[in-house]
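These figures come from a predicted structure and were not determined experimentally.
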Amino acid sequence: MKVYRNHSLKDHNTFGMDVRCAQFVVMEHPDEREAMSAAHLFEAPFYILGGGSNILFTRPYEGTIIHPDFKGIEVMEDSERHQLIRVATGEEWDNVIDYCVRHNLYGLENLVGIPGRAGSAPVQNIGAYGVEVKDCIDRVEGFLTDTLQPFALSAEQCQFGYRDSIFKHELKGKSLITHVWFRLSKEEHYTLTYKALANEITVQDLSLETVTQCILRIRNSKLPDIRKIGCAGSFFKNPVVPENQYHDLLTRFPDLVSYPAADGMVKLAAGQLIEKAGWKGKRIGDAGVYPLQALVIVNYGGASPEEICQVFQQVILDVEELFNIRLTPEVNIL
Ligand SMILES: Cc1cc2nc3c(=O)[nH]c(=O)nc-3n(C[C@H](O)[C@H](O)[C@H](O)COP(=O)(O)OP(=O)(O)OC[C@H]3O[C@@H](n4cnc5c(N)ncnc54)[C@H](O)[C@@H]3O)c2cc1C
């Protein structure tokens, strides 16, 4: 492991917030957990950070940031129909997709281009273009940070939901994911339910390469390039409302986009609500709402954490005033 004191987090969060932490620890191997525990590194306050693409640091972090950085993809089972792989937490997510494309493994391709690390994928059950990572997760392996007791949770035990899992609730701040196991199909199949994707791709052209390239084109046309403009992707979750509330809203806003959700509820598009509240493209200093996708809050370069907070808090208030719906951040705010 490597330990750095009073370390800048600027290069460790895609929002580009220039804050420092008291201690930054790079964990280079899962076996280091004993030594880390002996050095009291798992004693509060500590925070586990992967690629920092789903986080907003609003102030200096007065504790230890633990950055698991071990990598690797191992084949655990290889049958005629499936391959089971075990991916170390520090592996870049797009390397996992690249592995699947190179080995003709189906299931995760729609999740190409999502920044971050493999170990973070189950935490919020990443999803895009009609696919959620839970559908390919076989198990999540890790240990409890207080007792160092290892765990291996099946997909069901992970309690996956929309941008949600046990790692955001019971196991939040108590567990370190070391590996994620994915069961991938060798049988050619695609999920093309997302309209923009279905419109762009022809059946004769279908392959893992064409699907991933098409998704990257769509993503690049809507989302900022994080090498130039800081952000953490969708800042808010899409709100899920009861059907009667949705019908009331339709009388005032007949063009509301909606999707069916579990238990007869209706999921609305947070980006559309933000746009209707007048925030698309609006700025406060160097912070603002991205003009091409209102769900994304951006740092145009020199935004302070206060400015980003001002923008997202005002968005919440304005959307609530117009729709009586309180948006919840998808991003972790620290
Ligand atoms: C431009 C852009 C586009 C995006 N598009 C999408 C999208 O389409 N769909 C989507 O779902 N998300 C999207 N995201 C959000 C983000 O990329 C994902 O949530 C990603 O999985 C975060 O990975 P990370 O390694 O950067 O996580 P981090 O931000 O470092 O951490 C995220 C959470 O996981 C926890 N965590 C990380 N590693 C571990 C570990 N080893 N053990 C336990 N807990 C851990 C952290 O404590 C934190 O709570 C986007 C972000 C950006 C910037």
Grouping I, L, V, M, F, W and Y whenever their side-chain heavy atoms are under 4.5 Å apart, do [X] and [Y] come out in a common cluster?
X: Tyr106; Y: Trp93; value: yes
X: Met17; Y: Val296; value: no
X: Ile274; Y: Leu56; value: yes
X: Val87; Y: Leu153; value: yes
X: Ile201; Y: Val112; value: yes

side-chain hydrogen bond (donor to acceptor under 3.5 Å, both in side chains) partner of Asp164, the single match among His169, Gln124, Gln159:
His169

Does atom [atom1] of [X] have more than 12 heavy-atom neighbours, drawn from other residues, nucleotides or ligands, at distances under 6.0 Å?
X: Glu156; atom1: CD; result: no
X: Lys172; atom1: NZ; result: no
X: Arg102; atom1: CZ; result: yes
X: Asp98; atom1: CG; result: yes

Residue pair [X] / [Y]: nearest heavy atoms and the distance that separates them:
X: Cys231; Y: Pro224; answer: SG-CG, 3.8 Å
X: Gly51; Y: Thr14; answer: O-CG2, 4.4 Å
X: Phe160; Y: Ala155; answer: CD1-O, 3.5 Å

My understanding is that only residues two or more places apart in sequence, or in another chain, count here; which of them pass ring pair (Phe, Tyr, Trp, His ring centres under 6.0 Å) with Tyr4?
His7

Residues passing the ring pair (Phe, Tyr, Trp, His ring centres under 6.0 Å) test with Phe57, sequence neighbours excluded, are none

Can you check whether [Y]'s main-chain N or O pairs, donor with acceptor, with [X]'s side chain at less than 3.5 Å?
X: Glu109; Y: Gly107; answer: yes
X: Asn220; Y: Leu216; answer: yes
X: Gln272; Y: Val257; answer: yes
X: Thr145; Y: Phe42; answer: no
X: Glu91; Y: Ala88; answer: no
X: Arg163; Y: Asn238; answer: no
X: Lys174; Y: Leu144; answer: no
X: Glu307; Y: Ser304; answer: yes
X: Asp263; Y: Met265; answer: no
X: Asp78; Y: Gln83; answer: no

Spacing of [atom1] belonging to [X] relative to [atom2] belonging to [Y], to within rounding of 0.5 Å:
X: Ser53; Y: Ile226; atom1: OG; atom2: CD1; answer: 6.5 Å
X: Met36; Y: Ile66; atom1: CE; atom2: CD1; answer: 4.0 Å
X: Arg86; Y: Arg139; atom1: CZ; atom2: CZ; answer: 9.5 Å
X: Cys21; Y: His67; atom1: SG; atom2: NE2; answer: 11.0 Å
X: Leu171; Y: Leu176; atom1: CG; atom2: CG; answer: 11.5 Å
X: Ile166; Y: Lys168; atom1: CD1; atom2: NZ; answer: 14.0 Å

Hydrophobic cluster (4.5 angstrom, side-chain heavy atoms) - remaining members for Leu84
Met76, Trp181

Can you tell if the side chain of Pro68 reaches within under 4.5 Å of the side chain of Ile48, non-hydrogen atoms only?
yes

Is there a side-chain contact between Val240 and Lys267, using heavy atoms and a 4.5 Å cut-off?
yes

[X]/[Y] ion pair, N-O < 4.0 Å:
X: Lys71; Y: Asp69; result: yes
X: Glu92; Y: Arg117; result: yes
X: Lys186; Y: Glu80; result: no

Report the relative orientation of the aromatic rings in Phe70 and His179; use parallel for angles under 30°, tilted for 30 to 60°, perpendicular for over 60°.
tilted

When you measure from the centre of the six-membered ring of Phe323, is the NZ or CZ of Lys276 under 6.0 Å away and within 45° of the axis?
no

